[in-house]
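There's a structure below that I have some questions on.
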Amino acid sequence: MNNGVELRHLRYFLAVAEELHFGRAAARLHIAQPALTQQIQRLEMLLGTRLLDRTSRSVALTPAGEVLRERAAAILGHAARDLDEVAGIGQGSQGRLYLGFVPSVLPLKPLRSVRQFRDRYPLVHIELIEGYTTHMMAQLGHGALDMAIVRDPDSEPGIVVFPLVTEPFMAVLPVDHPQADRAVLTGPELADDPLVFFPRAAGAHAHDKNLRPLVEAGCRPRIVQEGNNWTTILYLVGEGLGVTIAPRSATFTAPKSVRIVPLAETEATTTVYVAHRVDDDRPLVRNFLALLPNGEAQPRGREARTAGATAHLATVVE
């Protein structure tokens with residue numbers, strides 16, 4: 001654009017070009033006619049060419065004016081769209097959100113918020129990334145993710161976590177296991193069974209919480225086989241390789257070759273959290289938090305700052 005030409009000059013010119021009458025154009029723009037005439041003359045001076053042929057009875061576009069009428073409409077349209085996009089990004093209604101999640105949360109409500117978010121903010125592109133809790137937390141710290149839905153996360157500097165759902169653990173046994181028909185089981189009753197479990201590298205805190213029903217009863221877990229996700233683990237249990245202790249929601253899609261038995265005499269639970277960087281207060285993030293199952297996720301007891309995530313308490317990890 002020539003130095004000095006402003007968007008308002010183009011708006012004024014376009015009104016005159018469409019009306020071909022200074023009086024009507026001035027009324028449409030809600031400015032005085034002499035001021036409009038002055039601005040059009042200013043635009044012609046800046047461009048160094050005549051845009052309008054004016055007589056006492058008519059106004060007509062010059063060849064340069066014909067071109068500018070077309071280009072001015074395009075320029076103003078692009079400017080309006082660009083400014084709307086900037087405003088949308090600032091309000092969190094446009095942009096890109098990188099959301100990590102662990103597979104075990106798929107049956108639960110938190111991840112269903114993604115569809116609600118897409119319906120409400122169709123111009124925001126959500127990129128879903130699956131992985132271990134430890135990987136999700138590390139990626140948040142590195143800026144590769146904006147948010148993550150994780151289970152029993154370990155501490156990560158600069159990450160704030162908010163509890164969403166707390167659920168019990170279940171015993172999972174092969175259908176031909178001697179105790180598969182029991183109504184409930186306790187940790188000691190599984191003490192002698194080999195375990196199929198997920199690797200500790202997936203999340204040390206989650207690993208310890210899952211084994212708590214056994215450890216609190218004085219048992220020493222004997223892990224004989226590892227699986228990278230709960231689907232694999234449950235199918236390995238169904239093949240008779242051992243038993244496992246799983247979050248209740250992880251058993252919702254268990255194969256028919258296993259039995260799911262509630263655990264008694266334990267207070268062990270597992271909690272799903274949403275996590276994001278402690279200094280990330282962008283509208284994009286706030287808008288997603290507002291759609292999570294408990295309403296707008298807010299820290300409870302934020303003054304309680306601990307070294308690791310604690311069930312039922314939002315924790316700022318520093």
Side-chain angles (χ1 to χ4, degrees), residues 101-111 130-136 149-154 163-273 308-312:
F101 71 97
V102 290
S104 65
V105 306
L106 284 172
L108 299 174
K109 289 183 179 180
L111 213 55
E130 176 184 347
Y132 289 150
T133 287
T134 50
H135 296 168
M136 299 291 103
I149 298 175
V150 295
R151 188 182 292 276
D152 299 320
D154 294 289
L164 297 175
V165 179
T166 296
E167 57 179 339
F169 290 111
M170 311 292 281
V172 186
L173 302 82
V175 291
D176 58 356
H177 191 281
Q179 303 190 87
D181 293 329
R182 293 280 300 277
V184 295
L185 284 168
T186 64
E189 290 172 321
L190 298 173
D192 296 329
D193 285 284
L195 284 177
V196 183
F197 220 55
F198 60 89
R200 189 174 178 81
H205 186 57
H207 194 273
D208 293 343
K209 289 193 76 173
N210 265 68
L211 292 176
R212 184 178 166 189
L214 296 176
V215 174
E216 67 187 5
C219 306
R220 185 173 182 179
R222 181 165 58 95
I223 300 171
V224 298
Q225 179 64 49
E226 290 184 341
N228 288 329
N229 56 65
W230 283 112
T231 299
T232 299
I233 291 170
L234 297 181
Y235 271 88
L236 290 175
V237 169
E239 292 299 317
L241 274 67
V243 303
T244 196
I245 295 173
R248 181 174 59 188
S249 58
T251 68
F252 290 171
T253 56
K256 295 180 179 179
S257 56
V258 303
R259 289 291 179 266
I260 314 300
V261 183
L263 283 167
E265 299 180 16
T266 179
E267 295 182 356
T269 57
T270 174
T271 301
V272 173
Y273 294 81
T310 304
H312 306 296

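Counting from 1, the numbers follow the sequence of the chain as shown. Excluded from the calculations below are hydrogen atoms, water molecules and symmetry mates; all remaining heavy atoms, backbone and side chain alike, are included.
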Could you give me the CA-CA distance, side-chain angles and deciding distance for Thr266 and Arg212, then say whether side-chain hydrogen bond (donor to acceptor under 3.5 Å, both in side chains) is met? CA-CA 8 Å; Thr266 179; Arg212 184 178 166 189; 5.3 Å; no
For the CD1 atom of Ile245 and the OG1 atom of Thr270, what is their distance to the nearest 0.5 Å? 12.0 Å
If we only count heavy atoms from C-beta on, is the Thr244 to Phe198 side-chain gap below 4.5 Å? no
Please find the pair of heavy atoms, one from Thr232 and one from Gly227, that lie closest to each other, and give the distance. CG2-CA, 4.3 Å
Closest heavy-atom pair and its distance - Ala250, Leu234: O-CD1, 3.3 Å
Taking it one step at a time, do Leu263 and Leu190 satisfy side-chain contact (heavy atoms from CB on, under 4.5 Å)? CA-CA 10 Å; Leu263 283 167; Leu190 298 173; 4.2 Å; yes
Test of understanding: with side chain to side chain donor-acceptor pair (under 3.5 Å), list the residues that count as partners of Thr134, not counting sequence neighbours. none
Distance, nearest 0.5 Å, that separates CD1 of Ile233 from CD of Gln225: 9.5 Å
Could you measure the distance from the CD atom of Glu265 to the OG1 atom of Thr186? Nearest 0.5 Å is fine. 5.5 Å
What residues, two or more places apart in sequence or in another chain, satisfy side chain to side chain donor-acceptor pair (under 3.5 Å) together with Arg259? none
May I ask you to test the Leu173-Arg182 pair for a side-chain heavy-atom distance under 4.5 Å? no
Could you check whether any side-chain heavy atom of Leu211 comes within less than 4.5 Å of a side-chain heavy atom of Leu195, counting everything from C-beta outward? yes
Is the backbone of His205 close enough, under 3.5 Å, to the side chain of Asp154 for a donor and an acceptor to pair up by distance? yes
Any donor-acceptor N/O pair, Gln179 side chain to Leu185 backbone, under 3.5 Å: no
Closest non-hydrogen atom pair between Val237 and Pro174, with its separation: O-CG, 3.2 Å
Please assess Arg222 against Asp192 for the test salt bridge (Lys or Arg N to Asp or Glu O under 4.0 Å), listing each intermediate value before the final yes or no. CA-CA 8 Å; Arg222 181 165 58 95; Asp192 296 329; over 6 Å; no
Considering non-hydrogen atoms only, spot the tightest contact between Pro247 and Phe169 and give its length. N-CD2, 3.8 Å
Testing the basics here: between Asn210 and Ala246, what is the closest heavy-atom pair and its distance to 0.1 Å? ND2-CA, 4.0 Å
Residues in ring pair (Phe, Tyr, Trp, His ring centres under 6.0 Å) with Phe197, at least two apart? His207
Could you check whether any side-chain N or O of Thr133 sits under 3.5 Å from a backbone N or O of Arg151, counting only pairs where one atom can act as donor and the other as acceptor? yes
